[in-house]
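Read the structure below first, then the notes.
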Amino acid sequence: MRRFLVLATVGVLVLPGCAAASGPALVTAPIEATPGAPGIGDPYFPLDGNGGYDVDRYDLDVSYAPETDVLAGVATVSARATQGLSAFNLDLSGLEVRSVTVDGADAAFTRDGGELTVTPAAPLAEGAAFTAVVTYDGVPQLVEDSFGAAGFFATGDGALVVGQPDVAATWFPANDHPLDPAAFTFRITAPEGLEAVANGVLESTTTSGGSTTTTWVADRPMAPYLAGMAIGEFDVLAYEQDGIRYWDAFAPDLGGVDAVARAALARQPEVLAYLARVFGPYPFDVAGGIVDAEPRLAFALENQTRPIYAQSFFDDAVSGESVVVHELAHQWFGDDLPLARWSDIWLNEGFATYAEWLWSEHDGRETVAQQFAAVTAIPADDPFWTVPIGDPGPDRIFDEAVYVRGAMTLHALRTAVGDEAFFRILPEWAARRSGQNVTTADFAALAEEVSGQELDDLFTTWLVTPEKPSGLA
């Protein structure tokens, strides 16, 4: 790619009757600038995220009109250039971009699929902080692919935004990959009478002219896909326990599962206290959850500090509590420790599933050993064993094996190194890598360091080999 040199010169004004001053001309140092990459480098999703900059904060000012499904937004993206930038990309699916400014000056922009390419009026120097403001609107489109329905759901009484790996771009311009976590401020305007819930701390609610604007602030950086929003006739409960502030939101039409959902979320303080004993201190000071009745929603997601749950998980108390444990465990593994690449997703899902196993035993139900043994009964020729969960491929990142065999990998590690070492590895992993993107290689190295054992064969067997490990019943 051709590189561009931009030279800025200083003109000299000569007044009538005066000679120009002598001496060397002043020349501003050139900025060597090239376009940022249209993808952050993840081999599974080459156009997710972007190169050339790191986002510090998203300030999202959005309004939603349920009667038309139109979302109107002003996204202020505060970032720092990691190279000289003649142009940079933001991920944005659909929606109409009305204007873009960079550092207050109008910027040129083009669209190509899910890529919004911004060309500032002047190049950005490497290391320079800059602010891009994108004004946009439109009817957000639901993502419907092999993983099911996700993204922006227009619901009966409002809207719900939830999903992974790349749904942030359905409702705001983003560097949409876990490699670039950032802080968020959400100012959500909706018709008066509707509640708006997002991540972090509720800062303010104001009503004027038939509309209510609710502001949520999440100062701890999070991956863009973890930014969630729910608008509707929610019953919102706010409380505090053990120094953690909670906001729980329940849709009004949960029907027969309402009591189970409320009971499951009521155990959040107890669950977090238990998980903190296993994994180390809870990494945030706020928590809570959102339970929605949207019929197309078929999953739960670990939205940072405020997971979102489909109502179907609350058909019974055990299922309800298990999914809450799973998503709260993700606050450590997946949220505070975001992935560096999607191929290592077992680090998210295997840890959260193992947390469910641990909680079951702690709560007086099936032990971890019993749950492990139940899975080993799956026949060796079952496709369950053919997924290399350490690199499952982009179409299988949510395969059941990633979750369950991920948990089995941790139990195999526990068996190999012993309980004393294993329960030192988990909190050490959480503490040492807090706020950092992680890989399987990072975890394997730490496990070997803490245990004093060579574990290559174990991780190869459980994460890479597409067959049932030998020796299992």
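All values reported here derive from a predicted model rather than from experimental measurement.
- Of the options D292, V291, V260, a side-chain contact (heavy atoms from CB on, under 4.5 Å) to L254 is made by V291 and by none of the others.
- In terms of modelled atom types and a separation under 3.5 Å, the side chain of D59 and the main chain of F186 share no donor-acceptor contact.
- Ring orientation note: the planes of Y354 and F422 are nearly perpendicular, at an angle over 60° on the 30°/60° scale.
- Checked against a 6.0 Å centroid threshold, the rings of W429 and W332 do not count as neighbours.
- Judged by distance alone, the side chain of E294 and the main-chain N or O of R296 form a donor-acceptor pair under 3.5 Å.
- Identified under the salt bridge (charged side-chain N to carboxylate O under 4.0 Å, His left out) test for residues 235-259, with sequence neighbours left out: D235-R262, D258-R262.
- Using cut-offs of 30° and 60° on the angle between ring planes, the pair W359 and H362 is tilted.
- Between F88 and F130, the ring centre distance stays below 6.0 Å.
- Using a 4.5 Å heavy-atom cutoff, the side chains of L275 and V278 are not in contact.
- The closest donor-acceptor contact from the side chain of S63 to the backbone of T189 lies at 3.5 Å or more, if one exists at all.
- Between F250 and Y309, the ring center distance fails the sub-6.0 Å criterion.
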Starting from the C-alpha separation in whole Å, work towards a yes-or-no answer on salt bridge (charged side-chain N to carboxylate O under 4.0 Å, His left out) for D219 and R57.
CA-CA 9 Å; D219 284 328; R57 188 175 206 99; 2.7 Å; yes
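- E361 contributes a side-chain N or O that, together with a main-chain N or O of V368, makes up a donor-acceptor pair within less than 3.5 Å.
- No side-chain donor-acceptor contact under 3.5 Å links S451 to the backbone of V417.
- A distance of 5.0 Å separates CG in D335 from CD in Q304, rounded to the nearest 0.5 Å.
- The residues E428 and R424 are annotated as not salt-bridged, no charged nitrogen and carboxylate oxygen being separated by less than 4.0 angstrom.
- Between F172 and F184, the distance separating the two ring centers is shorter than 6.0 angstrom.
- The six-membered or imidazole ring of F351 lies near that of F443, with a centre-to-centre distance under 6.0 Å.
- Separation of atoms CG (L347) and OG1 (T439) is listed at 7.5 Å; rounding is to 0.5 Å.
- Residues R433 and D442 are paired through a salt bridge, judged by an N-O separation under 4.0 Å between the basic side chain and the carboxylate.
- For the pair S322 (side chain) and S319 (backbone), a donor-acceptor distance under 3.5 Å is absent.
- Ring geometry for F284 versus Y282: interplanar angle over 60°, hence perpendicular rather than tilted (30 to 60°).
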Under the salt bridge (charged side-chain N to carboxylate O under 4.0 Å, His left out) rule, what do E327 and R306 come out as? Steps first, then yes or no, please.
CA-CA 9 Å; E327 303 309 333; R306 198 134 303 119; over 6 Å; no
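- When each of D176, D91, D180 is tested with N50 by the rule side-chain hydrogen bond (donor to acceptor under 3.5 Å, both in side chains), just one qualifies, namely D91.
- The residue from F398, Y225, Y44 that alone fulfils the ring-ring contact (aromatic ring centres under 6.0 Å, His included) condition with W342 is Y225.
- Judged purely by atom type and a 3.5 angstrom limit, K468 uses its side chain to pair as donor or acceptor with the backbone of T376.
- A salt bridge is defined here as a Lys NZ or Arg NE, NH1 or NH2 lying under 4.0 Å from an Asp or Glu carboxylate O, and R267 with D363 meets this definition.
- No salt bridge links R414 with E420; every basic N to acidic carboxylate O contact stays at or beyond 4.0 Å.
- A salt bridge links D336 to R220: at least one charged side-chain nitrogen sits closer than 4.0 Å to a carboxylate oxygen.
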